[in-house]
Amino acid sequence: MKIITATLKEQLAQVKQRTAALTDPKIEQTVRAIIENVQQNGDEALRDYEQKFDQVKLDDFRVPQAQIDQAWEQIDADLKQALRVAKTNITSFHQQEIDNGFMDAARPGIIRGQKVIPLATVGLYVPGGTAAYPSSVLMSAIPAKIAGVKRLVMVTPPQKNGINPAVLAAAKLAGVDDVYQVGGAQAIAALAYGTESIPQVDKILGPGNIFVATAKKMVFGQVAIDMIAGPSEIGIIADESANPRQVAADLLSQAEHDKLARPILVTTSLELAKQVNQELEVQLATLPRQAIARASVENQGFIAVLPTVSDLFRLMNAIAPEHLEVQLPDPSQYLSEIQNAGSVFLGKNASEPLGDYVAGPNHILPTSGTARFSSPVGVYDFVKRTQFIQYRADALASEAKYVTKLARVEGLEGHARAIETREVAK
Ligand SMILES: NC(=O)c1ccc[n+]([C@@H]2O[C@H](COP(=O)([O-])OP(=O)(O)OC[C@H]3O[C@@H](n4cnc5c(N)ncnc54)[C@H](O)[C@@H]3O)[C@@H](O)[C@H]2O)c1
Ligand SMILES: N[C@H](CO)Cc1c[nH]c[nH+]1
Ligand SMILES: [Zn+2]
């Protein structure tokens with residue numbers, strides 16, 4: 001990876017340029033055309049795209065329930081156990097996110113409250129272009145079930161030899177209602193607008209490549225979306241005490257997701273930077289997904305060397321990575337320094353893949369700097385809130401004059417008169 005030794009100020013300026021470059025007009029044009037075609041031609045457009053992008057000819061998009069049940073029987077005992085452990089840990093973490101709403105009677109005769117309502121139908125995108133993601137099924141479906149969503153519709157790209165049984169087994173374990181084999185931007189368009197076979201949903205959640213992330217951004221408004229969970233990223237903050245072999249391995253764990261994945265190391269140690277680069281070469285040589293990981297490391301990755309630990313956090317907060325590893329002695333003391341990151345991994349043992357699979361926090365996380373304003377997927381993403389009030393007559397009598405005053409100041413006489421139709425309010 002290129003090593004950058006420019007000043008903090010120069011590096012902060014480069015972060016802005018890089019983030020701007022992440023929106024690609026060519027991809028936006030491609031995705032817009034796909035969305036419009038699906039909106040107009042429904043299933044027929046989906047069939048054409050699946051043949052074109054995934055080389056699969058489909059008559060029916062829906063995966064039969066019998067195939068899903070069979071998948072669970074088909075997978076080996078160790079995989080069943082791993083999925084069950086992941087489910088238990090994800091569940092216990094996400095149960096703590098439950099919001100029961102509230103109601104108060106803060107002033108005499110007035111009841112106010114906020115009611116939390118689960119979404120009726122959600123669409124869960126499970127990636128499947130270059131890898132299979134049973135873990136992502138659990139990460140979206142489990143919080144949806146905890147929230148009480150009525151219908152979980154899952155989409156995932158078709159595969160030449162059929163959908164990976166591990167993905168279907170995870171769907172069964174997590175309680176997904178319907179699975180459709182359709183992927184990419186066309187799947188997002190189908191969920192947003194509905195087609196003859198695919199139901200329109202209220203919200204689309206889940207990670208995906210640049211085509212999926214761009215499509216989600218474009219259909220927002222027609223449906224809700226969780227956030228931009230695009231090509232994976234890892235930022236590592238480390239000093240000379242870090243182990244270069246482990247740092248390189250953790251960088252590659254995310255680089256292997258996508259040639260557009262972003263592996264970033266920021267360190268106070270030029271020596272560590274050089275050692276990590278040597279390790280990357282050694283480890284890349286035997287990595288099965290070498291071509292993808294190498295493209296990510298060489299084109300998207302970089303190592304920044306800065307003089308102080310405080311500089312490292314300033315730069316990383318500007319980058320706002322999806323995952324942030326803090327490989328410094330006594331790492332938990334730095335939690336307060338972190339403003340922008342999707343998920344944080346403290347210390348040498350908290351290697352990023354723990355969070356991808358079994359730790360319990362969600363792995364569907366904001367990318368491309370959107371951790372500045374977005375959160376991990378959680379139970380809160382699968383609910384909406386409605387607020388309510390109820391007034392006793394004496395309470396209305398005491399507050400009516402404030403309403404009529406404010407209404408008339410705004411020039412909204414109708415508001416004032418509505419209140420004054422109540423005898424007690426005059
Ligand atoms: N941020 C997160 O929370 C998170 C979590 C898990 C995975 N991810 C990311 O998900 C992504 C998975 O990517 P993937 O590619 O394996 O699967 P994917 O399902 O996201 O994308 C595959 C689909 O992309 C479409 N596509 C491919 N090339 C295209 C082209 N030239 N034009 C139009 N459409 C095209 C096809 O329809 C294909 O089925 C990776 O980027 C990974 O880093 C992110
Ligand atoms: N690291 C990914 C999020 O960027 C999640 C994942 C799933 N499987 C492996 N990794
Ligand atoms: Zn991962």
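Ligands are counted one by one from 1 in listed order, and the atoms in each one are counted from 1 as well.
- The minimum heavy-atom distance linking Pro165 with Ala71 is given by the pair O-CB, 3.5 Å.
- Protein heavy atom nearest atom 2 (C) of ligand 2, with residue, atom name and distance: His257 NE2, 3.4 Å.
- Considering every non-hydrogen atom in both Thr267 and Ser269, the closest pair reads OG1-N, 3.0 Å.
- Shown here is Arg62, whose CZ atom has more than 12 heavy atoms of other residues, nucleotides or ligands within 6.0 Å.
- In Lys384, the NZ atom is not crowded: 12 or fewer heavy atoms of neighbouring residues, nucleotides or ligands sit closer than 6.0 Å.
- The atoms of ligand 2 that sit less than 4.0 Å from any heavy atom of His363 are 3 (C), 5 (C), 6 (C), 7 (C).
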Output, or 'none' if empty, a list of ligand 1-protein atom pairs in which both atoms are N or O and the distance is under 3.5 Å, rounded to 0.1 Å.
residue, atom, partner, partner atom, Å
ligand 1, 1 (N), Gly230, O, 3.1
ligand 1, 1 (N), Glu322, OE2, 3.0
ligand 1, 1 (N), Leu365, O, 3.2
ligand 1, 3 (O), Glu322, OE2, 3.2
ligand 1, 3 (O), His363, O, 3.0
ligand 1, 3 (O), Leu365, N, 2.8
ligand 1, 15 (O), Asn209, ND2, 3.2
ligand 1, 16 (O), Gly129, N, 3.3
ligand 1, 16 (O), Thr130, N, 2.8
ligand 1, 16 (O), Thr130, OG1, 3.4
ligand 1, 17 (O), Gly128, N, 3.4
ligand 1, 17 (O), Gly129, N, 2.9
ligand 1, 19 (O), Tyr125, OH, 2.6
ligand 1, 19 (O), Gly128, N, 2.9
ligand 1, 20 (O), Asn209, N, 2.8
ligand 1, 21 (O), Asn209, ND2, 2.8
ligand 1, 24 (O), Asn209, ND2, 3.0
ligand 1, 37 (O), Gln186, NE2, 3.1
ligand 1, 39 (O), Asp54, OD1, 2.7
ligand 1, 39 (O), Asp54, OD2, 3.0
ligand 1, 41 (O), Asp258, OD2, 2.6
ligand 1, 43 (O), Ser232, N, 2.9
ligand 1, 43 (O), Ser232, OG, 2.7

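- In this structure a side-chain-to-backbone donor-acceptor pair under 3.5 Å is present from Asn299 to Ala295.
- In terms of protein heavy atoms, atom 9 (C) of ligand 2 is closest to Tyr357 OH, 3.1 Å.
- Here His257 and Tyr133 bring their ring centres to under 6.0 angstrom of each other.
- For Arg385, the CZ atom is densely surrounded, since the number of other residues' heavy atoms within 6.0 Å is greater than 12.
- Across Ala120 and Val149, no two heavy atoms sit closer than the pair O-CG1, 3.8 Å.
- Proximity to Tyr133 (heavy-atom distance under 4.0 Å) selects the following atoms of ligand 2: 7 (C), 8 (N).
- Between Lys203 and Asp226, none of the side-chain N atoms (NZ, or NE/NH1/NH2) sits under 4.0 Å from a carboxylate O, so this pair counts as no salt bridge.
- Sorted by chain and number, the protein atoms of type N, O or S within less than 2.8 Å of the Zn ion (ligand 3) are His257 NE2, Asp356 OD2.
- For ligand 2 and Ser135, the ligand atoms under 4.0 Å from any heavy atom of the residue are 7 (C), 8 (N).
- Shortest non-hydrogen contact noted between Met227 and Ser375 is CE-O, 3.6 Å.
- Geometrically, ligand 2 and Asp356 share a nitrogen or oxygen pair separated by less than 3.5 Å.
- Partner of Val377 under the side chain to side chain contact (heavy atoms under 4.5 Å, CB included) criterion, chosen from Ile364, Ile142, Leu124: Ile364.
- Contact between Phe345 and Ala350 at its shortest, heavy atoms only, is CB-O, 3.2 Å.
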Next item on the list: Verify salt bridge (charged side-chain N to carboxylate O under 4.0 Å, His left out) between Arg151 and Asp177, making sure each step is shown before the conclusion.
Entry: CA-CA 6 Å; Arg151 188 174 179 201; Asp177 296 291; over 6 Å; no
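- Minimum interatomic distance between Gly355 and Met139 (heavy atoms only, all atoms of both residues): O-CE, 3.8 Å.
- The N/O atoms of Glu322, backbone and side chain alike, include one that comes under 3.5 Å of an N/O atom in ligand 2.
- When only interatomic distances are considered, the shortest N/O to N/O separation between Gln254 and ligand 2 falls below 3.5 Å.
- Taking every non-hydrogen atom of Glu352 and a distance limit under 4.0 Å, the qualifying atoms of ligand 2 come out as 1 (N).
- Not one N or O of Glu233 is nearer than 3.5 Å to an N or O of ligand 2, by distance alone.
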